[in-house]
2 protein chains.
Amino acid sequence: MYLQIKMKTKEAIITLMKASSCVTETLCQALKPFGISLQQFNVLRILRGQKGNAANLSTVQERMVNKMSNTTRLIDKLIDKNFVKRSICKENRRKIELFITEKGEALLKAIDPVVDECQETIIQKLEPNGKNNLVRLLKQLTK
Amino acid sequence: MYLQIKMKTKEAIITLMKASSCVTETLCQALKPFGISLQQFNVLRILRGQKGNAANLSTVQERMVNKMSNTTRLIDKLIDKNFVKRSICKENRRKIELFITEKGEALLKAIDPVVDECQETIIQKLEPNGKNNLVRLLKQLTK
DNA sequence: ATACAATATTTGTTTATACAAATGTATAAA
DNA sequence: TTTATACATTTGTATAAACAAATATTGTAT
């Protein structure tokens with residue numbers, strides 16, 4: 001009785017991991033031709049979301065899906081490729097200001113339809129109204 | 001209209017990633033005191049599931065949650081710690097046979113209650129019958 | 001037998017990640 | 001004004017991952 005509840009719990013956890021791993025895998029493959037990692041792509045999208053306003057490193061970190069310990073070096077790579085610009089905040093010289101460049105915007109514009117279609121393909125597999133139910137349930141897990 | 005459908009799709013994907021990342025993070029923390037990674041833990045559980053029978057490397061790879069390119073070195077680490085034994089298959093010398101050791105079984109016995117509780121805590125946050133619905137929906141994504 | 005392809009695992013190398021400690025800057029207290 | 005504390009980011013280092021190429025073994029066709 002208790003054992004069965006436990007088993008359902010295990011199944012739920014493992015199914016979640018597998019689904020996420022499967023989606024990540026698919027997205028990474030889709031991004032490969034663009035020479036950018038999923039993490040880098042997400043950071044670029046965060047910067048685009050700023051609509052011209054600067055984002056601090058700490059802000060980016062907070063909004064990342066996978067909080068990682070070394071966002072500096074991840075952004076270094078985006079700067080090397082000229083997708084991101086970095087400058088020191090004048091009001092508080094401890095902070096840095098991050099912007100997406102035009103080249104970065106152009107890259108996202110090229111990637112968007114590919115990723116969008118990829119995501120649609122994945123989510124289409126859900127039963128009718130599955131999307132809303134899934135979102136509701138998943139959100140319960142993270143609070 | 002179409003835009004809204006797209007947004008829901010994006011939300012579903014991001015929510016899935018976040019939930020999974022959150023669960024992984026929690027599990028990794030729980031495993032830390034035991035000096036073993038989540039991947040290593042999963043491999044150990046696969047080997048325990050063999051109930052004395054050998055598992056080949058390729059079998060282990062197939063069953064892993066995150067298919068990774070280098071299971072050899074992951075298992076090397078488990079062997080270094082004496083949690084796993086490796087030998088060459090006599091029938092087919094290309095294959096290797098993997099077994100969990102007694103020390104490995106003992107480790108899992110110590111870890112099990114910790115991870116179980118951890119998983120229960122996570123899943124308890126779901127609405128009534130959420131567990132079954134979540135599993136059903138997530139499974140739709142991976143096929 | 002001999003050569004060739006298929007299978008199973010390992011190794012080399014490059015890149016990414018985690019974690020702790022270090023650096024530089026701002027704020028507050030003595 | 002010095003000292004201490006908090007904050008924001010960076011760097012050092014050890015470990016892990018991705019990917020391709022290499023090795024070893026088996027099966028199969030000539």
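Quick note: numbers below take in every heavy atom, side chains included, and nothing from hydrogens, waters or symmetry partners. Chain letters run A, B, ... following the sequence lines, proteins first, then strands; residues in each count from 1. Worth saying up front: this structure is predicted, and the values here are computed from it rather than measured.
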Handout entry: Residue whose closest nucleotide on DNA chain C lies nearer the 5' end, A/N92 versus A/K77
Key =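 Looking at DNA chain C, the more 5' nearest nucleotide goes with A/K77.
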Practice task
Give none if C/dA30 has no partner; otherwise give the nucleotide forming a Watson-Crick or G-U wobble pair with it, both distances under 3.5 Å.
Solution key: D/dT1
[X] side chain near [Y] side chain, heavy-atom distance below 4.5 Å:
X	Y	answer
A/L44	A/I111	no
A/T26	A/C118	yes
B/V43	B/L98	no
B/L31	B/L38	yes

Problem - Contact pattern, 5' to 3', of nucleotides 18-23 of chain C - B, S or - by protein heavy atom under 4.0 Å - result: BB----
Problem - Check ion pair A/E127-B/R136 (N to O, under 4.0 angstrom) - result: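 Salt bridge present between A/E127 and B/R136.
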Once you round it to whole Å, what is the distance between [atom2] of [N] and [atom1] of [X]?
X	N	atom1	atom2	answer
B/K95	C/dT9	NZ	C1'	12 Å
A/N56	C/dT25	CG	P	16 Å
B/Q61	C/dT7	CD	P	15 Å

Practice task
Report yes or no: is there a donor-acceptor pair, N or O only, under 3.5 Å between the side chain of A/R93 and the base of C/dT25?
Solution key: no
Practice task
Check whether more than 12 heavy atoms from other residues, nucleotides or ligands sit under 6.0 Å from atom CD of B/E102, and answer yes or no.
Solution key: no
Practice task
Name the first nucleotide and the last nucleotide along DNA chain D (5' to 3') that come under 4.0 Å of a heavy atom in chain B.
Solution key: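 Range of nucleotides within reach of chain B: D/dA16 to D/dT26.
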Handout entry: First of B/L74 and A/I96 reached from the 5' end of DNA chain D, by closest nucleotide
Key =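 Residue closer to the 5' terminus by nearest nucleotide: A/I96.
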Exercise for the section: Report yes or no: do A/E120 and B/T9 form a side-chain donor-acceptor pair below 3.5 Å? Expected result: yes
Handout entry: Residue pair A/N82 / A/T101, side-chain donor-acceptor N/O under 3.5 Å
Key =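 Side-chain D/A pair, A/N82 to A/T101: absent.
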Exercise for the section: Scan A/S58 against the nucleic acid and name what it touches under 4.0 Å (heavy atoms): base, sugar-phosphate only, or nothing. Expected result: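 Contact class for A/S58: sugar-phosphate only.
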Exercise for the section: Report the residues that fulfil salt bridge (charged side-chain N to carboxylate O under 4.0 Å, His left out) with B/E97, sequence neighbours left out, ordered by chain and then residue number. Expected result: none
Exercise for the section: Return no unless some side-chain N or O of B/T71 is found under 4.0 Å from OP1 or OP2 of C/dT9. Expected result: no
Problem - Distance below 4.0 Å between B/R86 side-chain N/O and C/dA8 OP1 or OP2 - result: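 Negative; the distance criterion is not met.
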